[in-house]
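Every chain is numbered from 1, with letters handed out A, B, ... down the list of sequences. Predicted model only: the values in this text are computed from it and were never measured.
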Protein chains: 2
Amino acid sequence: MQRTLSDIGYTTDEIALASMAKALSHPVRIRILQLLAGETCCFTGELTGLIPMAQSTISQHLKALLEAGLIQGEINPPKVKYCIHRENWNKARTLFGEFFAGETCGGCLC
Amino acid sequence: MQRTLSDIGYTTDEIALASMAKALSHPVRIRILQLLAGETCCFTGELTGLIPMAQSTISQHLKALLEAGLIQGEINPPKVKYCIHRENWNKARTLFGEFFAGETCGGCLC
DNA sequence: ATTGTTTATCGCAAATGAACGATATATAAA
DNA sequence: TTTATATATCGTTCATTTGCGATAAACAAT
């Protein structure tokens with residue numbers, strides 16, 4: 001992703017898929033999302049108790065998920081309530097679903 | 001992913017999801033997969049003609065997709081026939097599908 | 001045997017990512 | 001006002017990723 005990205009002309013969906021996939025590309029972020037998605041309501045704090053990593057590291061991962069749009073945080077200092085960002089979550093489901101649905105190679109023997 | 005990965009105890013699915021997501025985390029790899037998935041049969045070579053990147057770079061991306069199990073290559077030197085790896089492709093669809101399906105937060109206002 | 005074609009690998013430079021400890025920030029509680 | 005709590009940010013270190021050109025490898029064609 002160094003020099004040439006613009007001159008390839010990716011579609012919006014390609015960019016969106018790639019950046020959401022990047023957000024999912026670390027197991028601890030998968031874990032965090034599962035924890036948030038499994039909550040019946042929004043979620044405050046206990047992540048640092050559930051995941052054996054430095055608080056600053058967890059915070060960084062949350063930031064990455066925020067920037068990817070997959071979660072949202074309601075700031076309420078000193079606490080923050082984190083949730084799945086439902087709209088983008090649904091969009092992600094759709095994009096990944098469509099992506100994996102398009103597989104037309106049925107006939108060849110390879 | 002430096003020091004602590006083992007002592008968190010990720011599940012197999014968490015690891016699998018994260019590594020497939022990592023393979024999808026670059027737009028050119030999304031593009032390549034779309035090209036392969038759109039072919040009615042396996043695909044030889046023309047990737048270098050379709051994607052304005054150095055041949056070595058494309059080869060590296062193909063290697064990444066191979067190692068993630070998302071494609072397969074039938075070596076037939078000097079050519080190689082690349083395909084979607086259907087079994088793992090379906091597994092990926094299932095894993096991502098289940099992942100995005102599990103979102104129970106319906107009630108709270110956040 | 002030589003040449004051409006196609007793909008992979010190597011070696012490098014630059015960028016990004018991941019983890020941590022230390023510190024800052026912002027509020028509630030005392 | 002001071003202290004405690006929860007979270008974010010900074011700065012550092014090390015590892016990984018990305019891209020390229022150059023080169024190697026494997027075969028087909030001549």
Side-chain angles (χ1 to χ4, degrees), chain A residues 1-8 10 14-15 18-32 35-36 42-68 70-83 110, chain B residues 1-8 10 14-15 18-32 35-36 42-68 70-83 110:
Chain A
M1 223 186 282
Q2 246 159 321
R3 263 141 280 198
T4 35
L5 254 187
S6 40
D7 49 0
I8 288 195
Y10 298 109
E14 284 169 336
I15 297 287
S19 66
M20 286 191 293
K22 184 186 258 181
L24 300 178
S25 72
H26 191 295
V28 83
R29 292 199 290 267
I30 296 282
R31 171 70 60 91
I32 289 171
L35 289 169
L36 293 186
C42 294
F43 195 89
T44 314
E46 303 104 65
L47 284 176
T48 45
L50 296 176
I51 297 172
M53 277 181 153
Q55 178 266 324
S56 57
T57 305
I58 295 177
S59 184
Q60 275 189 162
H61 285 298
L62 287 168
K63 190 182 180 190
L65 291 172
L66 266 176
E67 282 170 355
L70 290 172
I71 64 176
Q72 61 191 152
E74 187 182 325
I75 298 172
N76 200 358
K79 302 212 172 187
V80 177
K81 216 160 56 166
Y82 281 112
C83 273
C110 50
Chain B
M1 221 185 283
Q2 246 159 322
R3 262 141 283 195
T4 35
L5 253 188
S6 42
D7 49 0
I8 288 195
Y10 297 110
E14 284 169 336
I15 297 286
S19 66
M20 286 191 292
K22 184 187 257 182
L24 301 178
S25 72
H26 191 295
V28 85
R29 292 198 290 265
I30 296 282
R31 172 70 60 91
I32 290 172
L35 289 169
L36 293 185
C42 295
F43 194 88
T44 315
E46 301 105 63
L47 284 176
T48 45
L50 296 176
I51 297 173
M53 278 180 153
Q55 178 266 325
S56 58
T57 305
I58 295 177
S59 184
Q60 276 189 162
H61 285 297
L62 287 168
K63 188 181 180 191
L65 292 172
L66 267 177
E67 283 170 353
L70 289 172
I71 64 177
Q72 61 191 154
E74 187 182 327
I75 298 172
N76 199 359
K79 303 214 171 186
V80 177
K81 218 162 52 167
Y82 281 112
C83 272
C110 49

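- For the pair B:Ile75 CD1 and D:dC27 P, the computed distance is 10 Å after rounding to whole Å.
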Test log, rule side-chain contact (heavy atoms from CB on, under 4.5 Å), inputs B:Gln55 and B:Ser59: CA-CA 6 Å; B:Gln55 178 266 325; B:Ser59 184; 4.1 Å; yes

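- Comparing C:dA8, D:dC20, D:dA6 against the side chain of B:Gln55 picks out C:dA8 as the nearest.
- Going from atom CG of A:Asn76 over to atom P of D:dA8 covers 12 Å, rounded to whole Å.
- Paired with A:Ile58 under the rule side chain to side chain contact (heavy atoms under 4.5 Å, CB included), one option of A:Val28, A:Leu50, A:Ile51 passes, and it is A:Ile51.
- Considering only heavy atoms from C-beta on, A:Leu62 comes within 4.5 Å of A:Leu47 through its side chain.
- Residue B:His61 places at least one side-chain N or O closer than 4.0 Å to OP1 or OP2 of D:dG19.
- Between the CG atom of A:Leu65 and the C1' atom of D:dA8 there is a distance of 15 Å, rounded to whole Å.
- Under 4.0 angstrom from either OP1 or OP2 of D:dA6 there lies no side-chain N or O belonging to A:Tyr82.
- Proximity of a side-chain donor or acceptor of A:Arg29 to a complementary backbone N or O of A:Lys22 within less than 3.5 Å is detected.
- Residue-to-nucleotide contacts include no donor-acceptor pair under 3.5 Å from the side chain of A:Gln60 to the base of D:dA8.
- The CD1 atom of A:Ile58 sits 11 Å away from the P atom of D:dA8 (whole-angstrom rounding).
- Atom CD of B:Glu67 is separated from atom P of D:dT16 by 13 Å (rounded to the nearest Å).
- The CD atom of A:Glu74 sits 15 Å away from the C1' atom of C:dT27 (whole-angstrom rounding).
- Dashed line: the shortest gap from a side-chain N or O of A:Thr57 to OP1 or OP2 of C:dA19 is not under 4.0 Å.
- Which of D:dT9, C:dC20, D:dC20 sits closest to the side chain of A:Ser59 comes down to D:dT9.
- Atom-to-atom, NZ of A:Lys63 to P of C:dT16 comes out at 14 Å; the value is rounded to the nearest Å.
- Candidate nucleotides D:dT7, D:dC20, C:dA22 were compared by shortest atom distance to the side chain of A:Ser56, and C:dA22 ranks first.
- Closest to the B:Lys22 side chain, of the nucleotides D:dT17, C:dT9, C:dT6, is D:dT17.
- To the nearest 0.5 angstrom, A:Ile8 atom CD1 is 4.0 Å from B:Met53 atom CE.
- Going from atom CE of B:Met53 over to atom P of D:dG21 covers 12 Å, rounded to whole Å.
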